[in-house]
Amino acid sequence: MNWLSDLNTIETSFAPILEQWYSVHKRDLPWRHTRDPYRIWLSEVILQQTRVAQGKPYYERFVDAYATVADLAQADERELLRLWQGLGYYSRARNLHQTARYVTLQLEGKFPDTYQDLLKMKGIGSYTAAAIASFAFGERVPVVDGNVYRVLARVFGIEEDITTTTAKKTFAALANRLIQSADDPATYNQAIMEFGAIHCTPVAPDCLLCPLQQGCVAYLTGRQHQLPVKAKKAPVRERFFTYLIFRSKGKLALRERKAKDVWQNLHDFYLLETEDHQDALQDLLLPEAALNLVQQGVMAGLPVESVQLLSHQRIRAKFYLIDLPDEPTGSLPTDLHWFTIDEINDLPKPVLITNYLENLFG
DNA sequence: AAGCCGGGGTC
DNA sequence: GACCCAGGCTT
């Protein structure tokens, strides 16, 4: 079997296999007993970024307190928020209230019944719109939630970072193709999410008993634990730079940054990096060669401080300008060289350095 | 495109 | 302690 026909086979059998699996393994959940768009909407909003086990009691309480969208529309917002207490993401509750009032007052109680119209409601994004459109109205639109990303990334071996916009398009397009082969869009959407939630789980997917095993790229290549790829947002690293700017005969000492670090191949001054705000000069952290120079010089004015924000680092820099005699004794610390102001103008430098120089010389 | 919003379960 | 959860809104 060649590549293309193989891919077509898995794409067309994917939905039916999951629907079959679902008919055997589905959990009995309260919102699966209704096609009332109001209740489905309520359940979907409650379940946004929320586990079924956590959301379920809230759903029961909300249905008891507000049986219809009109009841919810008339609710006191403080009372609604009190019912929501403990669920988190409280804007969901406020949007819920706002949309309930809109549906009741502007749409005369008639819930929007297409994906496109649902998308216009506050608090209803692409996932929730697809969920309501398919569950309540049978529209053939795919849900794409965290479960779907995981299942599709594994079965189809997609290595794109799911946090990026292009990857979201890739997954949405694939999901659109797959749902075309579903016997019933609503059942299929429930099935793929249920499958991700209880079988193709993040940590210990049950590959040995998986109905998609023979068509799963991740399983066949042993990558189920690497997929989906999801970039972790790097915490901004805090760094503390102390720069010593040696000046002699109108020249400044700079060096090219060679290390595998920020600003590679750009030029800056003699640098001491410390772990925190400690003052590198006062704490006598100076290596021999630099200490020798500092002792021959005089501090020109007060140190200048500035902050440079990078995507992943916050660099707090402190600049000491040190005037040396015309012919300082000893050699310059490693890699430092004397440059005239004109020469420095032509050197590539980090913005942090350029700003300092402009501040210094206008 | 990135930051923000949250409480809770799980390993 | 990190990751994730039936995401969406704002900037």
Side-chain angles (χ1 to χ4, degrees), chain A residues 18 22 26-32 34 37 39-59 62 81-99 115 118-136 141-154 160-169 171-172 175 179 185-206 225-236 309-314:
Chain A
L18 284 183
Y22 181 68
K26 69 175 176 182
R27 291 169 290 182
D28 182 23
L29 299 173
W31 45 86
R32 288 181 174 162
T34 180
R39 296 198 177 200
I40 290 169
W41 166 58
L42 191 56
S43 72
E44 292 303 336
V45 174
I46 287 173
L47 291 172
Q48 286 168 6
Q49 292 292 286
T50 305
R51 290 172 189 277
V52 165
Q54 186 188 3
K56 189 171 162 183
Y58 285 85
Y59 173 78
F62 266 81
L81 282 169
R82 203 177 322 127
L83 265 186
W84 197 268
Q85 198 167 3
L87 256 189
Y89 286 139
Y90 296 92
S91 65
R92 288 187 290 173
R94 293 189 294 273
N95 288 335
L96 208 57
H97 198 202
Q98 187 174 333
T99 291
Y115 175 79
L118 286 160
L119 259 188
K120 298 172 186 166
M121 302 295 108
K122 272 277 190 216
I124 298 183
S126 57
Y127 164 76
T128 305
I132 300 171
S134 62
F135 300 158
V141 283
V143 292
V144 183
D145 73 337
N147 292 306
V148 175
Y149 282 121
R150 184 169 57 256
V151 173
L152 296 187
R154 285 174 175 168
E160 293 179 58
D161 173 5
I162 64 171
T163 65
T164 65
T165 305
T166 57
K168 286 175 169 58
K169 286 182 188 167
F171 282 89
I179 201 173
T187 304
Y188 164 71
N189 275 340
Q190 294 276 7
I192 189 171
M193 289 193 289
E194 188 80 337
F195 182 72
I198 69 183
H199 195 110
C200 192
T201 48
V203 176
D206 192 0
H225 299 294
Q226 274 74 52
L227 295 174
V229 175
K230 185 176 184 179
K232 11 185 173 293
K233 34 194 147 227
V236 174
L309 212 53
L310 309 181
S311 64
H312 52 305
Q313 300 184 17
R314 176 171 27 244

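Convention: sequence-line order gives letters A, B, ...; per-chain numbering from 1.
- At least one donor-acceptor pair closer than 3.5 Å links the side chain of A:Arg150 to the backbone N or O of A:Cys200.
- Residue contacts for A:Trp84: at a heavy-atom cut-off of 4.0 Å it reaches no nucleic acid atom on any strand shown.
- A:Asp161 contributes a side-chain N or O that, together with a main-chain N or O of A:Ala231, makes up a donor-acceptor pair within less than 3.5 Å.
- Atom pair A:Ile46:CD1 and B:dG6:P shows a separation of 16 Å (rounding to whole Å applied).
- Distance noted for atom P between B:dT10 and C:dA6: 12 Å (whole Å).
- Although no hydrogens or angles enter the test, the distance criterion places no donor-acceptor pair under 3.5 Å between the side chain of A:Asp145 and the main chain of A:Gln49.
- In this structure, the CZ atom of A:Arg92 is 11 Å from the P atom of B:dG7, given to the nearest Å.
- Counting heavy atoms of neighbouring residues, nucleotides and ligands inside a 6.0 Å radius, atom NZ of A:Lys168 exceeds 12 of them.
- In the set B:dG7, B:dC11, B:dG6, B:dG7 carries the atom at the smallest distance from any side-chain atom of A:Gln54.
- Here A:Ile124 lies in heavy-atom contact (under 4.0 Å) with sugar-phosphate atoms only.
- With hydrogens and angles disregarded, a donor-acceptor distance shorter than 3.5 Å links the side chain of A:Arg92 to the backbone of A:Leu87.
- Within 4.0 Å of A:Thr164, counting heavy atoms only, lies no atom of the nucleic acid at all.
- At a threshold of 4.0 angstrom between heavy atoms, the contacts of A:Arg94 with the nucleic acid are absent.
- Backbone-only contact: A:Thr128 has heavy atoms under 4.0 Å from sugar-phosphate atoms and none from a base.
- In this structure, A:Leu81 places its CG atom 13 Å from P of B:dG7, rounding to the nearest Å.
- A:Lys122 has its NZ atom 15 Å from the C1' atom of B:dC5, to the nearest Å.
- Along DNA chain C, read 5' to 3', the first and last nucleotides having any atom under 4.0 Å from a heavy atom of chain A are C:dC3 to C:dT10.
- Toward the 5' end of DNA chain B, the nearer of the two residues A:Val203 and A:Leu87, judged by each one's closest nucleotide, is A:Leu87.
- Evaluation of the side chain to side chain donor-acceptor pair (under 3.5 Å) rule for A:Thr128 yields A:Gln48 as partners, not counting sequence neighbours.
- Of the P atoms belonging to B:dG6 and C:dT11, the separation is 15 Å, rounded to the nearest Å.
- When each of A:Ala197 and A:Met121 is assigned the nucleotide of DNA chain C bearing its nearest heavy atom, the one mapping closer to the 5' terminus is A:Ala197.
- Judged by distance alone, with hydrogens and angles left aside, the side-chain atoms of A:Glu194 form a donor-acceptor pair with the main-chain N or O of A:Arg27 at under 3.5 Å.
- When each of A:Leu119 and A:Met193 is assigned the nucleotide of DNA chain C bearing its nearest heavy atom, the one mapping closer to the 5' terminus is A:Met193.
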